[in-house]
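Let me begin by presenting the structure, written as structure tokens, before commenting on it.
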Amino acid sequence: MDKFKFLDENGVEHNFEIIDFFEVDDDEYAVIQPDDMEESLLLKVDYDENGESFLCEIESQKEFDEVSTLYLELLDEKE
């Protein structure tokens, strides 16, 4: 898996691996594994005005719950 780096809102650099990408309806999501955390993170893929993609936090708890459930179902189907 490829390693990536990003700066958080405090300017601290973090290394992570992208574990998986998946779509729900017309939205894209990514599961990442930060090097400095035990748990994976579920993030939304968004696009800026130039069409460049970036990862962002899922702000709605309802959306997060729905997407988490669907991702777990996808994992079960892969096994």
Side-chain angles (χ1 to χ4, degrees):
M1 302 232 171
D2 293 330
K3 294 267 188 183
F4 295 89
K5 294 181 182 183
F6 74 94
L7 294 176
D8 68 15
E9 65 274 3
N10 298 317
V12 177
E13 187 176 274
H14 299 273
N15 296 313
F16 67 93
E17 290 181 58
I18 295 180
I19 305 299
D20 205 357
F21 279 107
F22 64 102
E23 291 185 24
V24 176
D25 298 324
D26 291 330
D27 293 316
E28 298 173 69
Y29 299 90
V31 178
I32 67 167
Q33 179 64 57
D35 285 349
D36 57 353
M37 295 178 68
E38 290 185 29
E39 294 183 357
S40 298
L41 299 176
L42 175 59
L43 301 172
K44 189 171 191 172
V45 179
D46 209 346
Y47 295 88
D48 65 16
E49 61 277 353
N50 298 319
E52 295 290 322
S53 63
F54 63 93
L55 299 175
C56 59
E57 186 176 345
I58 300 171
E59 295 184 17
S60 161
Q61 185 64 47
K62 180 181 177 194
E63 179 183 5
F64 180 83
D65 292 344
E66 290 172 357
V67 171
S68 296
T69 299
L70 290 171
Y71 180 67
L72 292 174
E73 289 173 5
L74 286 172
L75 286 179
D76 284 344
E77 289 175 11
K78 288 181 180 180
E79 293 178 357

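Please read all numbers here as calculations on a predicted model, not as lab measurements.
Every residue two or more places apart in sequence or in another chain was checked for a side chain to side chain contact (heavy atoms under 4.5 Å, CB included) with Glu59, and none qualifies. With sequence neighbours excluded, the residues forming a side chain to side chain contact (heavy atoms under 4.5 Å, CB included) with Glu73 are Thr69, Leu70, listed by chain and number. In this structure, the side-chain hydrogen bond (donor to acceptor under 3.5 Å, both in side chains) partners of Asp35, at least two apart in sequence or on a different chain, are Lys3. Partners of Asn15 according to the side-chain hydrogen bond (donor to acceptor under 3.5 Å, both in side chains) rule, which considers only residues two or more places apart in sequence or in another chain, do not exist here. For Phe16, the ring pair (Phe, Tyr, Trp, His ring centres under 6.0 Å) partners two or more places apart in sequence, or in a different chain, are Phe4, Phe6.
Pairs of residues two or more places apart, or lying in two chains, never qualify as ring pair (Phe, Tyr, Trp, His ring centres under 6.0 Å) while including a residue from residues 30-70. Within the structure, the ring pair (Phe, Tyr, Trp, His ring centres under 6.0 Å) test picks out the following pairs touching residues 18-46 (sequence neighbours left out): Phe22-Tyr29, Phe22-Tyr71.
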Distance-only criterion, 3.5 Å: show the donor-acceptor pairs between side-chain atoms of residues 36-46 and protein atoms not counting sequence neighbours.
residue, atom, partner, partner atom, Å
Asp36, OD2, His14, ND1, 3.0
Ser40, OG, Gln33, OE1, 2.9
Lys44, NZ, Glu63, OE2, 3.1

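Atom CG of Asp26 has 12 or fewer neighbouring heavy atoms from other residues, nucleotides or ligands inside a 6.0 Å radius. Atom CD of Glu13 has more than 12 neighbouring heavy atoms from other residues, nucleotides or ligands inside a 6.0 Å radius.
In this structure, the side chains of Ile32 and Leu55 come closer than 4.5 Å at one or more pairs of heavy atoms.
With Asp48 contributing its side chain and Asn50 its backbone, the two residues share a donor-acceptor pair below 3.5 Å.
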